[in-house]
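By convention in this document, chain letters (A, B, ...) are assigned in the order of the sequence lines, proteins followed by strands, and residues within each chain are numbered from 1.
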4 protein chains.
Amino acid sequence: MNKKDSILQAALKLLTSNGLHATPMSAIAKEAGTGMGTIYNYYPTKEVLINEIYVDIKQQEEALFDHFNSELPTKTQFETYFENTVDFFLQNPLYFKFMEQLHASPIITNDSRTVGRNAVESVVQLIDSGKNDRIIKNINTSEILQFVGGAILSYLRWYLSDNNNQGNSRSLKNLTSMVWDAIKE
Amino acid sequence: MNKKDSILQAALKLLTSNGLHATPMSAIAKEAGTGMGTIYNYYPTKEVLINEIYVDIKQQEEALFDHFNSELPTKTQFETYFENTVDFFLQNPLYFKFMEQLHASPIITNDSRTVGRNAVESVVQLIDSGKNDRIIKNINTSEILQFVGGAILSYLRWYLSDNNNQGNSRSLKNLTSMVWDAIKE
Amino acid sequence: MNKKDSILQAALKLLTSNGLHATPMSAIAKEAGTGMGTIYNYYPTKEVLINEIYVDIKQQEEALFDHFNSELPTKTQFETYFENTVDFFLQNPLYFKFMEQLHASPIITNDSRTVGRNAVESVVQLIDSGKNDRIIKNINTSEILQFVGGAILSYLRWYLSDNNNQGNSRSLKNLTSMVWDAIKE
Amino acid sequence: MNKKDSILQAALKLLTSNGLHATPMSAIAKEAGTGMGTIYNYYPTKEVLINEIYVDIKQQEEALFDHFNSELPTKTQFETYFENTVDFFLQNPLYFKFMEQLHASPIITNDSRTVGRNAVESVVQLIDSGKNDRIIKNINTSEILQFVGGAILSYLRWYLSDNNNQGNSRSLKNLTSMVWDAIKE
DNA sequence: AATGAATGAGACTTCATTCAT
DNA sequence: GATGAATGAAGTCTCATTCAT
């Protein structure tokens, strides 16, 4: 792994376990196995480093849609999106913890948030097209988007919570169908 | 307003707009119109102050159920809970911003989180009773709880987001029914 | 002595003996007998502290003219100015060392330099009036001012140089008359 | 131009415009069009580099006297020295700015200062010989030297100051004669 | 000889907390 | 109880210097 990625990984690990306020750059450097100065060769400030992690995750999320097949039925596409996204965060629980902690933080810049919004553009189009075909309810698209996002979020919170170890693929299927029922016409 | 509350309000205001990392105690004191030492007469550390705000909000949430009428139909009770909770945060948007930012932060202690969980005990009972009466789906209660919480969260995010001004009471009714449809048997 | 002055004195002492690049704020705090944070209660940055010293010296120089008697002959006034200024720096050799090192430094702001120029306004008037009365040569006033300043500077450099201990009041008298001879009509 | 000189020129330019405290070696390397390592092939430390510039300027100053004709009258020799030196710095204003800023800095080593003193050895001899012939006043030679140096310095400061554009060769002639009048018997 | 990524000591500065008033 | 000047540990960031290429 190159240095830039080591730093990102180290920062992700420490930020999610200790929090922003308890993760000095020196600790990140130590964890990454570099000198502190090296971090600053790649990221001009701590704030930029945090935002880079944010953007990085959002872009990986976006990449999940790269091979979307727009000829499949809307419902199939939706299920694929929904389950892929949940799966992505289950495979990368630190990404989820990071987003939980920093999604609403003023440290995330507007530029980063814009990248975040663009990342879900494919889903917006899927929903719009579903509304057009009267497959999905005629509710404000951004509201539907938030609803779906909230469902993903709540599932992940439940699944990854310390006091749960009963998560299974059946419960995800349940949720997917609950959500589809809620938004379908 | 007494000093203790001034401090809480000042902290809430600054924390939500600037973030934890950019809200020094001196700024809180200034905003509250007190001396820095005064804050320490009420709260031994900054961390305790933050947790106090957290617990305070959770307890106000809990108080929403004080006059719950357990003789009404489950669906009515659910709708009341759901809409009251959304309304509570719409009336207190800073509470929502605070929770968004600090819900997942390591600065919130386990004790505070326990208080938070107790605050929704009434809802747990409502759901369990609903499951018992085969009105609500037989899914893990904590999963349902997270699902409902996620729906509230996503609605509030959408409603309070800067680029939205179309929120109206109809859309909340829509959501309430979407959620009920999703969890009802 | 109050804290603000202790800090100024400590900074002056260390800056003149070690130079700007070898005088950390921590050393100034230690020398001043305060904590580092205390310095920042009075001076927001190191740069401001340096400029404050600069302005402070310039204002003390200006104060030398407060009791100038404008009814005395021009020559007498000039001699008084010249010798008082030399004497001021001989009494405060650290002020001289400070100015030698920082006079031309980019760290001194334009605002500070403006204060410095105002401090010699009385001398400008004396020279202008002398030119008017055809007592002083009709040369650009700022050029005369620099010439006189250069004479003071060179005398002080010589007098305070390590390898000199023959300074005496006669040599100052010599210089004063040399300079007067050079600028008189 | 070879690399060594590029480095010297780059350092001179940046030091005079930004100051020692704001001129990192990396910036010098960039300005010189070399790598940072290359600088260290020629100069073991930043301090040595600065001193090299200092010594270099002093040696160029010394070279001005190489073709001094010791058979000309003392006054002619003095005028030549005086005007050549002023001219040298007017042709190389960065040299002057450099000396203004670093002349008194503790970063200049005693060895460098010794070189500086040797550079004016010819002038010392001229003055001594002038005193011997009772052409120049019988004042401490080093004091005369400083006086003459101060006159040069003050003229250059005035001439090169931002708010001056009236400099002309007549005013230099004036100054030369003022200074000669001041030191001649 | 030339390079520049890597380094970490040390700089400046912040801010939670104390305590004399 | 109320205050805020004082504190210094600890944070972010810089930059002179090294060394593998």
With a 4.5 Å cut-off on side-chain heavy atoms, are [Y] and [X] touching?
X        : Y        : value
B:Gln101 : A:Pro106 : yes
B:Asp111 : B:Asn51  : no
C:Met25  : C:Leu49  : yes
D:Leu102 : D:Tyr54  : no

Could you tell me the separation between the [atom1] atom of [X] and the [atom2] atom of [N], rounded to a whole number of Å?
X       : N      : atom1 : atom2 : answer
A:Lys30 : F:dT12 : NZ    : C1'   : 18 Å
B:Ile28 : F:dG4  : CD1   : P     : 16 Å
A:Lys4  : E:dA6  : NZ    : P     : 12 Å
A:Ile7  : E:dA6  : CD1   : C1'   : 10 Å
B:Lys3  : F:dA2  : NZ    : P     : 6 Å

Item to check | Polar contact flag, side-chain donor to acceptor under 3.5 angstrom, C:Tyr95-C:Gln60 | outcome: yes

Checklist entry - Does any N or O in the side chain of D:Asn92 come within less than 3.5 Å of the main-chain N or O of D:Leu94, such that one atom is a donor and the other an acceptor? => result no

Checklist entry - Does C:Arg113 reach the main-chain N or O of C:His103 with its side chain, forming a donor-acceptor pair under 3.5 Å? => result yes

Checklist entry - With the sugar-phosphate defined as primed atoms, P, OP1 and OP2, and the base as all remaining atoms, what B/S/- string results for nucleotides 13-21 of chain E, 5' to 3', for protein heavy atoms under 4.0 Å? => result BB-SBB---

Checklist entry - Is D:Tyr42 touching bases, backbone alone, or none of the nucleic acid, heavy atoms closer than 4.0 Å? => result sugar-phosphate

Item to check | DNA chain E stem ranges, 3 or more consecutive Watson-Crick or G-U pairs under 3.5 angstrom | outcome: E:2-21 with F:2-21

Distance-only check: which donor-acceptor pairs under 3.5 Å involve side-chain atoms of residues 38-46 of chain D, not counting sequence neighbours?
unit_1, atom_1, unit_2, atom_2, d
D:Thr45, OG1, D:Glu47, N, 3.4
D:Thr45, OG1, D:Val48, N, 3.1
D:Lys46, NZ, D:Thr23, O, 2.8

